[in-house]
K.L.:
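Mind having a look at this structure? Questions to follow.
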Amino acid sequence: MPIVRVALNVPVNTLFDYYAERASQENIGLRVSVPFGKRQLAGIIMEVTADTKVSPEKLKAIRDIFTDSRPLPKELLDLFAFCSQYYHHPIGMVIINGLPAALRTTKPIKQQKDRSATWRDTQLSLTDVGKQIALSSIPKRQRIARSLLVRFQQVDSIPGEVFKEDSSRIKQLIQQWLELGWIGADTHHSERDNTVTDSSIPTLTVEQNHAVNTILSAQNHFHVSLLHGITGSGKTEIYLRLIAAMLMHDKQVLVLVPEINLTPQLETIFHNRFPCTNLISLHSGINDTERLQGWLQAQSGEAKIVLGTRLAIFTPLPNLGLIIVDEEHDHSFKQQDGLRYSARDLAIFRGKQMSVPVILGSATPSLESYHSAITGRYRVIQLTARAIKNATLPTIQTIDTRTHKTFNGLSQPLLQALRTNLSEQQQSIIFINRRGYAPTLLCKSCTWAATCARCSSRLVVHLQDKDLRCHYCGHQEHLPIHCPECGNQDLTPFGQGTQRVTEALSTYFPNARILRIDRDSIRRKDAWRSILQKIHKQEIDILVGTQILAKGHDFPNLSLIGILNSDNSLYSTDFRASERLFAQLMQISGRAGRSNNKGQVLIQTEFPDHPLYQALQRQNFDALAKSLLMERKIAGFPPYTHQAILRAEAHRIETVIDFLSTAAKLAKDHESIELFDPVPAQMLRLKGMERGHLLVQSSSRRQLQIFLLQWQKQLSMVPAQKIRWILDVDPVEL
Ligand code: ADP
Ligand code: ZN
Ligand code: ZN
């Protein structure tokens with residue numbers, strides 16, 4: 001009888017064997033339910049074989065094979081296998097992490113609705129783009145296409161049902177033209193809001209044109225292109241052209257973005273350009289049913305554009321033609337718990353696996369990617385000018401807060417600039433990367449500060465809700481009336497958060513329309529979309545916000561940006577802190593001056609001479625990147641070495657350090673591995689656990705992998721009931 005090897009969601013890195021009566025090779029990738037101990041578990045068939053090492057009396061039979069969805073394709077199983085191997089994470093847990101919830105259960109799934117050919121119930125007409133298509137641009141031998149174009153050119157619109165009796169070639173062409181945006185169907189237009197973006201197609205700039213041609217010239221092989229373009233250089237338009245080329249060949253495109261908040265804007269842009277293309281968006285904001293439907297449409301090839309956050313890297317895409325990773329430097333592509341994978345790095349694996357190009361886009365590439373580009377592993381495509389005619393980069397200046405004292409976090413020169421900008425009816429952003437009212441509550445008489453009982457962190461004052469919150473574990477408590485230590489009633493919120501700055505600004509500018517944007521204010525589903533609309537309709541004068549504002553958004557009337565409290569990250573212990581701060585400040589600065597009005601960025605700082613601010617003022621990414629790379633080279637840090645971190649936590653740090661010391665002893669004899677000392681984490685306590693880590697590195701990725709494999713086996717033998725540990729390969733945070 002055939003044996004199936006099944007991946008199960010259990011924390012052991014192995015497959016489990018079961019009898020399966022009628023199983024065949026075609027069943028690989030199907031979902032099954034199997035007995036496991038006293039439970040029934042869902043699993044995925046990874047192999048079908050004839051032999052097993054399990055003794056016959058112990059071998060059980062599977063309970064069910066589900067055929068309600070197609071088997072997971074081989075490429076996806078290979079991706080999971082690679083991911084398990086590279087990140088040293090159990091295969092079953094890797095698979096479960098990547099699948100939609102409904103495909104992880106032992107219940108049959110609900111069938112999806114048929115959504116093909118909805119255009120048959122609508123009016124079809126040439127779009128503005130379609131009207132520009134000349135008959136002569138379609139080759140003479142494509143007679144059907146030519147006559148169809150003429151049919152559309154002769155009338156205003158044609159009801160979709162007219163084509164009911166036509167040949168399948170005509171239906172195919174209609175579908176394709178809809179996807180390319182040559183023709184439009186009425187219903188779809190009314191569903192979407194067109195307020196956020198302008199749907200006319202611009203003529204490419206010389207640089208954009210070169211980028212598109214370079215990438216398309218090798219569209220059928222794997223290669224990585226680093227699209228290094230300053231903010232506003234029109235990277236999105238390049239993506240759109242590439243996507244159009246893929247749709248023309250009936251290929252699928254995967255677009256990864258770092259943040260769920262960036263998806264609505266991009267989704268609207270894509271929909272406006274390709275109104276009838278089946279686009280699905282996969283991120284943490286959608287529910288399980290939507291995710292399942294999206295996944296199934298991607299798997300069937302019906303969904304043409306898949307737009308999503310890191311998890312979308314695990315979507316099955318049988319006709320994949322291109323992968324785009326936008327804002328590739330962003331750390332949110334790396335998952336920070338459980339399976340600590342990097343979606344950007346997996347994107348490159350997938351590109352190679354499927355022989356398709358991968359585009360990494362950024363204004364401030366990660367030093368890893370930048371290094372790969374200058375050493376020739378990636379092709380680099382530069383965009384050095386803003387795409388909109390006459391739009392220029394904003395000027396960046398510092399305000400020295402040692403001479404210009406701040407009140408409520410705001411200095412006089414910044415207030416003056418805001419005043420001028422308001423009088424010119426331009427929009428401004430105040431960027432402060434801390435939500436809440438104030439980061440600390442202090443007692444003036446005894447120096448007590450409110451701290452979290454479960455984390456080594458201060459509690460943040462949220463005055464609006466009259467409570468104190470821990471931004472690490474979510475703990476909340478009422479704002480105390482007096483000091484718990486000395487009884488003093490004079491408790492002072494210390495420092496600035498978005499709420500306090502917003503409040504201060506509304507007293508300075510009572511007539512201005514001020515809006516705060518942070519995780520607290522956009523919690524409601526769709527809040528973000530309506531905020532963006534307000535901004536675009538110029539119903540807002542000043543935005544106060546956290547890094548949520550920094551990424552990717554295009555606000556045409558924004559001309560002033562004030563940056564508060566960025567000094568905090570200048571002297572961090574994390575060697576990636578400057579790279580990250582620079583990227584963030586470049587990105588937020590890039591929001592200004594995106595149309596014809598000039599932009600100005602003012603950074604309040606006590607260290608105006610710091611090299612990072614100097615580089616920022618010159619907007620010289622290359623200079624900074626090269627100097628940071630030099631530092632990394634001297635220090636022997638990535639990208640010149642490859643790292644992994646063993647992270648451990650327990651109730652007491654002593655237990656953690658003991659475990660890590662044992663781990664260090666086990667690692668000692670490996671010559672190619674450089675071992676650091678076990679250390680307590682920068683933030684020692686988190687959610688009631690104390691944490692520490694041990695960093696290992698090697699100049700050879702392969703050697704590091706060989707070592708990790710062996711080390712992990714040894715580590716799982718170490719008795720450690722009170723410890724939780726995990727390996728983090730290519731960590732991005734210490
Ligand atoms: P990036 O992502 O590189 O920061 P965007 O893609 O947001 O830049 O483009 C910035 C602005 O330039 C957008 O408003 C976009 O519509 C516009 N744009 C892009 N390409 C062109 C072009 N070729 N001609 C005119 N405007 C363009
Ligand atoms: Zn006190
Ligand atoms: Zn806490």
Side-chain angles (χ1 to χ4, degrees), residues 196-212 227-242 255 257-258 262 265-266 268-270 272-273 324 326-328 359 361-365 381-394 441-460 468-477 480-492 536 550-558 586-596 599 683-689:
V196 176
T197 50
D198 172 2
S199 53
S200 60
I201 300 184
T203 313
L204 292 185
T205 63
V206 176
E207 286 183 326
Q208 283 175 320
N209 201 24
H210 172 254
V212 171
L227 185 59
H228 180 192
I230 62 164
T231 54
S233 57
K235 293 187 283 294
T236 317
E237 186 59 40
I238 296 177
Y239 302 155
L240 288 166
R241 298 299 172 101
L242 296 173
V255 184
V257 290
L262 279 181
Q265 171 157 328
L266 216 47
T268 309
I269 294 175
F270 288 179
N272 285 344
R273 184 65 61 85
I324 296 168
D326 192 24
E327 312 288 3
E328 68 87 26
I359 318 290
S362 177
T364 49
I381 301 174
Q382 299 263 8
L383 303 169
T384 57
R386 288 201 149 174
I388 293 182
K389 239 202 181 111
N390 302 328
T392 48
L393 281 173
L441 185 68
L442 290 181
C443 168
K444 277 204 169 156
S445 65
C446 79
T447 70
W448 169 86
T451 53
C452 178
R454 304 175 64 217
C455 309
S456 354
S457 65
R458 298 273 173 94
L459 291 174
V460 178
L468 291 172
R469 291 185 197 166
C470 173
H471 284 189
Y472 295 92
C473 71
H475 167 81
Q476 295 189 11
E477 63 189 53
I481 301 162
H482 48 72
C483 169
E485 292 285 320
C486 74
N488 169 30
Q489 303 210 338
D490 193 9
L491 297 178
T492 323
H536 281 267
K551 295 181 185 166
H553 300 292
D554 200 17
F555 306 135
N557 287 299
L558 187 85
M586 278 286 261
Q587 218 159 36
I588 185 79
S589 307
R591 301 311 109 208
R594 289 171 77 93
S595 52
N596 296 330
M683 206 178 95
L684 177 65
R685 279 163 64 78
L686 181 70
K687 301 181 187 173
M689 300 296 267

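Just so you know, residue 1 is the first one in the sequence shown, and it goes up from there. Remember, it's 1-based here, ligands and their atoms both numbered in the order they're listed. The structure displayed is predicted, hence computed values, not measured ones.
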K.L.:
Are any of the N or O atoms of Lys235 closer than 3.5 Å to those of ligand 1?
P.N.:
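N/O-N/O distance below 3.5 Å exists for this pair.
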K.L.:
Please list, in number order, the atoms of ligand 1 under 4.0 Å from a heavy atom of Thr205.
P.N.:
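Those atoms are 23 (N).
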K.L.:
Does Gln208 approach ligand 1 within less than 4.0 angstrom via side chain, backbone, both or neither, non-hydrogen atoms only?
P.N.:
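Side chain only.
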K.L.:
Any idea which atoms of ligand 1 are less than 4.0 Å away from a heavy-atom of Thr203?
P.N.:
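By the 4.0 Å cutoff, the relevant atoms are 22 (C), 23 (N), 24 (N).
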K.L.:
Taking backbone and side chain together, does His471 place any N/O/S atom at a distance below 2.8 Å from the Zn ion (ligand 3)?
P.N.:
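No, since none of the N, O or S atoms of His471 sits under 2.8 Å from the Zn ion (ligand 3).
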K.L.:
Where's the contact between Thr236 and ligand 1, heavy-atom distance under 4.0 Å: side chain, backbone, both or neither?
P.N.:
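The answer is both, backbone and side chain.
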K.L.:
Hey, are Thr384 and Glu207 close enough side-chain-wise for a donor-acceptor pair under 3.5 Å?
P.N.:
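A pair is found: one side chain offers a donor N or O, the other an acceptor, under 3.5 Å apart.
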K.L.:
Within the side chain of His228, is there an N or O that forms a donor-acceptor pair under 3.5 Å with the backbone of Ser362?
P.N.:
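Judged by distance alone, no pair lies under 3.5 Å.
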K.L.:
Any donor-acceptor pair under 3.5 Å linking the side chain of Glu485 with the backbone of Cys446?
P.N.:
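Judged by distance alone, no pair lies under 3.5 Å.
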K.L.:
Does Gly229 come within less than 4.0 angstrom of ligand 1, counting non-hydrogen atoms of the residue?
P.N.:
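No; Gly229 lies far enough from ligand 1 that no heavy-atom distance drops under 4.0 Å.
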K.L.:
Only heavy atoms of Pro202, strictly under 4.0 Å: list the atoms of ligand 1 that pass.
P.N.:
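Here the atoms of ligand 1 in question are 21 (C), 22 (C), 23 (N), 24 (N), 25 (C).
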K.L.:
One residue to check: Leu383. Relative to ligand 1, which of side chain, backbone, both or neither has a non-hydrogen atom less than 4.0 Å away?
P.N.:
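Answer for Leu383: neither.
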K.L.:
At a 4.0 Å threshold, what atoms of ligand 1 neighbour a non-hydrogen atom of Thr231?
P.N.:
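What qualifies from ligand 1 is 4 (O).
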K.L.:
Give a yes or no on whether the backbone of Cys452 and the side-chain of Ser457 come within a donor-acceptor separation of less than 3.5 Å.
P.N.:
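No.
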K.L.:
With the Zn ion (ligand 2) at the apex, how many degrees lie between SG of Cys483 and SG of Cys443, rounded to 10 degrees?
P.N.:
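Once rounded, the angle between the two atoms at the Zn ion (ligand 2) is 110°.
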K.L.:
Can you check whether Ala453's main-chain N or O pairs, donor with acceptor, with Arg685's side chain at less than 3.5 Å?
P.N.:
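Yes; judged by distance alone, with no hydrogens or angles, the pair exists.
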K.L.:
Strictly distance-based, threshold 3.5 Å: is any side-chain N or O of Lys235 a donor or acceptor partner for the main-chain N or O of Gly229?
P.N.:
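Confirmed, Lys235 side chain pairs with Gly229 backbone.
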K.L.:
Looking at the Zn ion (ligand 3), is there an N, O or S atom belonging to Cys473 that lies under 2.8 Å away from it?
P.N.:
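So Cys473 counts as coordinating the Zn ion (ligand 3), yes.
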K.L.:
Using a 3.5 Å cut-off on N or O atoms only, is Gly234 in polar contact with ligand 1?
P.N.:
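Looking only at distances, the answer is yes, because the N/O contact criterion of under 3.5 Å is met.
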K.L.:
With a cut-off of 4.0 Å, which atoms of ligand 1 are near a heavy atom of Leu204?
P.N.:
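Those of ligand 1 that fall under 4.0 Å from Leu204 are 23 (N).
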K.L.:
Among Ile230, Thr392, Thr205, which one satisfies side-chain contact (heavy atoms from CB on, under 4.5 Å) with Arg386?
P.N.:
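That would be Ile230.
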K.L.:
How wide is the angle at the Zn ion (ligand 2) between SG in Cys486 and SG in Cys446, to the nearest 10°?
P.N.:
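Here the angle at the metal atom is close to 110°, to 10°.
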K.L.:
Can you name the atoms of ligand 1, numbered from 1 with element, that are less than 4.0 Å from a heavy atom of Ala387?
P.N.:
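This gives 12 (O), 18 (N), 19 (C), 20 (N), 21 (C), 24 (N), 25 (C), 27 (C) as the contact atoms.
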K.L.:
Kindly check if the number of other-residue, nucleotide or ligand heavy atoms within 6.0 Å of CZ (Arg458) is above 12?
P.N.:
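No, CZ of Arg458 has 12 or fewer neighbouring heavy atoms, counting only those of other groups under 6.0 Å.
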K.L.:
How many angstroms lie between atom OG of Ser233 and atom CG of Leu393, to the nearest 0.5 angstrom?
P.N.:
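If we round to the nearest 0.5 Å, Ser233:OG and Leu393:CG are 9.0 Å apart.
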K.L.:
For the CD1 atom of Ile238 and the CD1 atom of Ile359, what is their distance to the nearest 0.5 Å?
P.N.:
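These two atoms lie 9.0 Å from each other.
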